[in-house]
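Chain A is the first sequence line, chain B the second, and so forth, proteins listed ahead of strands; every chain is numbered from 1.
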Amino acid sequence: MTDAIIRFDKVVKRFGDLTVLDELDFEVKKGEKVSIIGPSGSGKSTVLRILMTLEGIDGGVVYVDGEPLWHELREGALLPAGEGHLRRMRSKLGMVFQQFNLFPHMTVMRNITEAPVKVLGLSRKDAHLRAEELLDLVGLADQAKKFPHQLSGGQQQRVGIARALAMRPSILLFDEPTSALDPELVGEVLTVIGRLAEEHDLTMLLVTHEMRFAREISDRVCFFDRGQIREEGTPEELFTDPSEDRTREFLKAILD
Amino acid sequence: MHWSEYLLPLTEGAWVTVQLTVYSTILGGVLAFVFGIGKLSSNLAIKSVSVGYIEVFRGTSLLVQLFWLYFALPLAGMAIGIDLRLPPVVAGVLALGLNIGAYGAEVVRGAIQSVHQNQREAARALNFTPRQTLFNIVIPQAIPEMMPSFGNLAVQNLKDTALVSLISLGDLTFRAEQIRNFTQDSTTIYTLLLLMYFGMAVVLTIIMRIVERFAGRWRMAGS
Ligand SMILES: Nc1ncnc2c1ncn2[C@@H]1O[C@H](COP(=O)(O)OP(=O)(O)O)[C@@H](O)[C@H]1O
Ligand SMILES: [Mg+2]
């Protein structure tokens, strides 16, 4: 319990009449690599979006680094968090989006340096150095001057990863990072994510349909179904010997 | 009087028209950004003022606005003891600028809203403030979207300058009327007038195209 860097405590999330998360309990330890799998519409993106503060919650408490994310403790009461608190909490997290969401009007270099300069207050020079290291890491050292539309989808997503890393988050969220890619470009992105998982103590939360990859890199896999974790365990347990019928059906459908 | 003798006074008038167009388009552009962004503000006061401005100036005719600024405002000023008499040029630029600014504000608002929500979310995830998101992420992407409409508005504005001849400003139309009254040579004068306005519109369109390309140059990089 104590070393949980992320904890969902009976979190409820509704969109109108639709209850997407129904008293979800969920934990991730510091440095852990967790994959979330499950059918479309089961609330996987919602979990990441709540963590990234893109989506509020309707009940329960989310803890990041031991502190409530969407609440502030004031005079002993948990009150809805103000923008200042959200900004401070947000700096612990980074997100890689399914559609990359690069800034199309900025070069690759600018995409990676803009937030470190404007948000963290780094000098252009330092931000530049940091970006060069990251571009090296994702194998795009020679693409710094290009605009996003001049890159392939796989390259764009690797820039997306570098952009998120430039803010030095301790938790990195991936929302189906390869789902928008042509099949032949998936590998290069997975290679980068795999290398990150191996070499960094970053906490990683990955929503994916790439089962083989999830199996390789994860410490733990969670099967989401209708806003609940139906089953979780080590990749070995979950993939080779799932105990729930729903998990088995899902895996069978996706692996065929 | 040979038709070539018309050219000097007409050119002088055209120069006034050019100045009116340039100043009022710049004023309109500034107003368009201020009130287009203002209309999207979460601050109710800013939002109301912006909506009010846009609706008033789009909902009344330019001619009435012009007459109001030039004839009614000084009287209103006199009633409360302030001198609000405006030189014709100022009244003309103000009326034209306020008018085009109201239409431009709707263009700015639409272009800002057309920027994909994805972009705002990416900016939020990177912890940009709402203001930084607006000015560094959203507006730079919205500007190329605005440019074709701004081009049309600028040409519209050029044509509308003819109305200021009614407050005796010596623009192209005013000069043409003067010569026509003197020579009764309507055909030649109106033909020249037509050609000169058209020529100016062509030049203005070309300028706006260049600005448009410049504003959207990142879209064309490498192609
Ligand atoms: N902004 C929204 N408004 C209304 N419904 C939404 C919104 N975002 C997600 N949903 C709904 O919430 C459910 C869970 O969505 P999501 O978390 O994106 O699922 P997943 O990522 O597992 O496919 C879906 O039924 C989806 O339609
Ligand atoms: Mg999803």
**Study point:** Expected output: side-chain H116(B) to main-chain N101(A) donor-acceptor under 3.5 Å
**Key:** no
Review point. Within the side chain of Q119(B), is there an N or O that forms a donor-acceptor pair under 3.5 Å with the backbone of L102(A)?
Key: yes
Would you indicate whether [X], at its atom [atom1], is surrounded by more than 12 heavy atoms from other residues, nucleotides or ligands within a distance under 6.0 Å?
| X | atom1 | value |
| --- | --- | --- |
| D83(B) | CG | yes |
| F214(B) | CZ | no |
| R131(B) | CZ | no |
| F198(B) | CZ | no |
| K30(A) | NZ | no |
| R209(B) | CZ | no |
| F33(B) | CZ | yes |

What distance separates [X] [atom1] from [Y] [atom2], expressed to the nearest 0.5 Å?
| X | Y | atom1 | atom2 | result |
| --- | --- | --- | --- | --- |
| F103(A) | N118(B) | CZ | CG | 10.5 Å |
| Q99(A) | E121(B) | CD | CD | 11.5 Å |
| R90(A) | N127(B) | CZ | CG | 5.0 Å |

Relative to chain B, which segment of [X] carries a heavy atom at a distance below 4.5 Å: side chain, backbone, both, or neither?
| X | result |
| --- | --- |
| L173(A) | neither |
| R163(A) | both |
| L93(A) | backbone |
| E83(A) | side chain |
| F147(A) | side chain |

List the atom of [X], the atom of [Y], and the distance in Å for their closest heavy-atom pair.
| X | Y | result |
| --- | --- | --- |
| P104(A) | W218(B) | O-CE3, 3.2 Å |
| N136(B) | H105(A) | O-NE2, 2.9 Å |
| F97(A) | A125(B) | CZ-CB, 4.0 Å |

Point to revise | Pick from M167(A), R87(A), M95(A) with the largest number of heavy-atom pairs that fall under 4.5 Å of chain B | key: R87(A)
Exercise for review: Using a 4.5 Å cut-off on heavy atoms from C-beta on, say whether the side chain of E114(A) contacts that of L126(B).
Suggested key: no
